[in-house]
Asks: 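Once you've had a glance at the structure underneath, I'll fire off some questions.
Throughout, protein chains are lettered first and strands after them, A, B, ... in sequence-line order, and every chain is numbered starting at 1.
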Amino acid sequence: MPELPEVEIVVRELRLTLIGKTFSGLNVYWQRSFRAQTEDTLINRKISRITRKGKYIILNLDRGCLIIHLRMTGQLFSGESENYNGHKHLRIKISFKDHSPLYFIDQRKFGRIYHVDDSGEILKNVGVDAVADELSGKGFIALLNRSKMAVKAFLLCQKYVSGMGNIYTDECLFRCGIHPLSRCENIPDLKKAELYLTIQEILKSAILNMGTTISDYRDTYGNQGQNQKFLKIYDCDGLPCSVCGSIIKKEKIAGRGTHICPVCQKIY
DNA sequence: AGCAAGACCTGTTAGC
DNA sequence: TGCTAACAGGTCTTGC
Ligand SMILES: [Zn+2]
């Protein structure tokens, strides 16, 4: 469910509610949702800093860190407004010394919370964050030049650039007129630069719109995003393309449902 | 190297 | 109406 913009919203909210808090309790209701990869205990650890890399949320503690990935249906609720005890999909409840809770709700059980000494092992195969300052247009073009992969698979795999998921990949490729099966290295340089700028623009405006809610996504207060109102290709199969009027089609590419305008998007 | 398919899960919807 | 198959914002692993 959540891609970079949705995770960024969650991270910004967690910074306001969790920084400085000390753990007092941990209840795990679905064992596989929680992985302790350290001998240390969470109780009495204090949250100092909260960061994000791609779709990973990193709670830096006074010793070690807690890394959270929401995968398809994971949700974090601060529990300020509502009580989620007994919720059908409650997998983990974290309590703090000030008695405030953090609930991890996850219908499909794909999400994970890891307690580790160091984030290095989990993040070692995750590429540079798509909206990080370290990723320049030049750097992005250099990555594409080194790959013979289909561009959709390249953007989804997280190894080179992290944070893009199925929605934003389809949106960015459509807006650039690039077919998802195009080989990265074959895309013209001008189009590679356009793709970089489009990714920045689409992801950053989705953050301003508080993320995309198709069905499950909510922020930590339970609010839906607004960005779904601005999607031009994702979930638009059967509708006319906003640019040329052709009927938008859907096919399976890189293992995912992929939305394409058969006229606007060229295969390179 | 790159790709496809299956696994991990539960719930909703489309089609017969 | 009721059953079944397909599908869903994501990784992982395995095997060609
Ligand atoms: Zn079109």
Asks: Let me know the distance between CG of L156(A) and P of dC12(C), rounded to the nearest Å.
Replies: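 Going from CG in L156(A) over to P in dC12(C) covers 14 Å.
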Asks: How does DNA chain B look in dot-bracket notation if pairs are Watson-Crick or G-U with both distances under 3.5 Å, crossing ones as [ ], other-strand ones as |?
Replies: .|||||||.|||||||
Asks: Looking only at side-chain N and O atoms, does H89(A) come under 4.0 Å of OP1 or OP2 in dG11(B)?
Replies: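 H89(A) to dG11(B) OP1/OP2: side-chain N or O found under 4.0 Å.
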Asks: Where each residue is assigned the nucleotide of DNA chain B containing its nearest heavy atom, which of Y160(A) and K252(A) is assigned the position nearer the 5′ end?
Replies: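 Closest to the 5' end, via its nearest nucleotide, is Y160(A).
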Asks: When the P atoms of dG6(B) and dA5(C) are considered, how many whole Å apart are they?
Replies: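 Approximately 15 Å lies between the P atom of dG6(B) and that of dA5(C).
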Asks: How many Å lie between CZ on R71(A) and P on dC8(B), as a whole number?
Replies: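 Distance check: R71(A) CZ to dC8(B) P gives 13 Å.
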Asks: Do E8(A) side-chain atoms and M210(A) backbone N/O form a donor-acceptor pair below 3.5 Å?
Replies: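 Here the side-chain-to-backbone pair does not exist.
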Asks: Pick the C1' atom in dA6(C) and in dA5(B), then give their distance to the nearest Å.
Replies: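 Result for the C1' pair: 16 Å, nearest Å.
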Asks: Measure CG/N166(A) against C1'/dA8(C) and give the value in whole Å, please.
Replies: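 It is 10 Å, rounded to the nearest whole Å.
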Asks: To the nearest Å, give me how far apart OH (Y56(A)) and P (dG10(C)) are.
Replies: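 After rounding, the gap between these two atoms is 12 Å.
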Asks: Ignoring backbone atoms, test whether R183(A) places a side-chain nitrogen or oxygen under 4.0 Å from the OP1 or OP2 oxygen of dC3(B).
Replies: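 Looking at the OP1 and OP2 atoms of dC3(B), one of them is under 4.0 Å from a side-chain N or O of R183(A).
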Asks: Do side-chain atoms of R112(A) reach the backbone of R32(A) as a donor and acceptor pair under 3.5 angstrom?
Replies: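 Yes: the side chain of R112(A) pairs with the backbone of R32(A).
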Asks: Tell me the interatomic distance from K124(A), atom NZ, to dC12(C), atom C1', rounded to whole angstroms.
Replies: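 Those two atoms, NZ and C1', are 13 Å apart.
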Asks: Would you sort out whether L143(A) and F154(A) count as a side chain to side chain contact (heavy atoms under 4.5 Å, CB included), showing the intermediate values?
Replies: CA-CA 10 Å; L143(A) 290 172; F154(A) 174 92; 4.0 Å; yes
Asks: Students often mix this up, so state it plainly: with edges at 30° and 60°, are the rings of Y196(A) and F140(A) parallel, tilted or perpendicular?
Replies: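 It falls in the tilted class, 30° to 60°.
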Asks: Provide the distance between the two P atoms, one in dG11(B) and one in dT11(C), to the nearest whole Å.
Replies: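 Comparing P positions in dG11(B) and dT11(C) gives a spacing of 22 Å.
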Asks: Figure out the CD1/P separation between I68(A) and dT11(C), and round it to whole Å.
Replies: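 Those two atoms, CD1 and P, are 15 Å apart.
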Asks: Kindly say if K88(A) contacts the phosphate of dT10(B), meaning a side-chain N or O under 4.0 Å from OP1 or OP2.
Replies: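 No.
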Asks: Quick one: is dG10(C) close enough that its OP1 or OP2 comes under 4.0 Å of any side-chain N or O from H69(A)?
Replies: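 False: H69(A) side-chain N/O out of range (4.0 Å or more) of dG10(C) OP1/OP2.
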Asks: Separation of R256(A) atom CZ from dC3(B) atom P, in whole Å?
Replies: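 R256(A) atom CZ is separated from dC3(B) atom P by 15 Å.
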Asks: Are any of K250(A)'s side-chain N or O atoms less than 4.0 Å away from OP1 or OP2 of dA8(C)?
Replies: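 Checking K250(A) against dA8(C): at least one side-chain N or O falls below 4.0 Å of OP1 or OP2.
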Asks: Just how far, in rounded Å, is P of dT12(B) from CD1 of I214(A)?
Replies: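 About 17 Å, once rounded to whole Å.
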Asks: For the pair E82(A) (side chain) and G79(A) (backbone), establish whether a donor and an acceptor sit closer than 3.5 Å, ignoring hydrogens and angles.
Replies: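 Looks like no, no N/O pair under 3.5 Å.
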Asks: For residues H259(A) and I248(A), report the shortest heavy-atom separation together with the two atoms involved.
Replies: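 Looking at all heavy atoms of both residues, the closest pair is CB-CG2, 4.4 Å.
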Asks: Does the Lys NZ or Arg CZ of K93(A) fall within the cation-pi geometry relative to Y103(A) - under 6.0 Å from the ring centre and within 45° of the axis?
Replies: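 No, a cation-pi geometry is absent between K93(A) and Y103(A).
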Asks: Which whole number of Å gives the distance between the C1' atom of dC3(C) and that of dC8(B)?
Replies: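 The same atom, C1', in both gives a distance of 25 Å.
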Asks: How close do L155(A) and L173(A) get, heavy atom to heavy atom, and via which atoms?
Replies: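 Looking at all heavy atoms of both residues, the closest pair is CD1-CD2, 4.3 Å.
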Asks: Identify, residue by residue, the members of residues 105-119 of chain A with a heavy atom below 4.0 Å from DNA chain B, and return them in order of residue number, or none.
Replies: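 The answer is Q107(A), R108(A), K109(A), F110(A).
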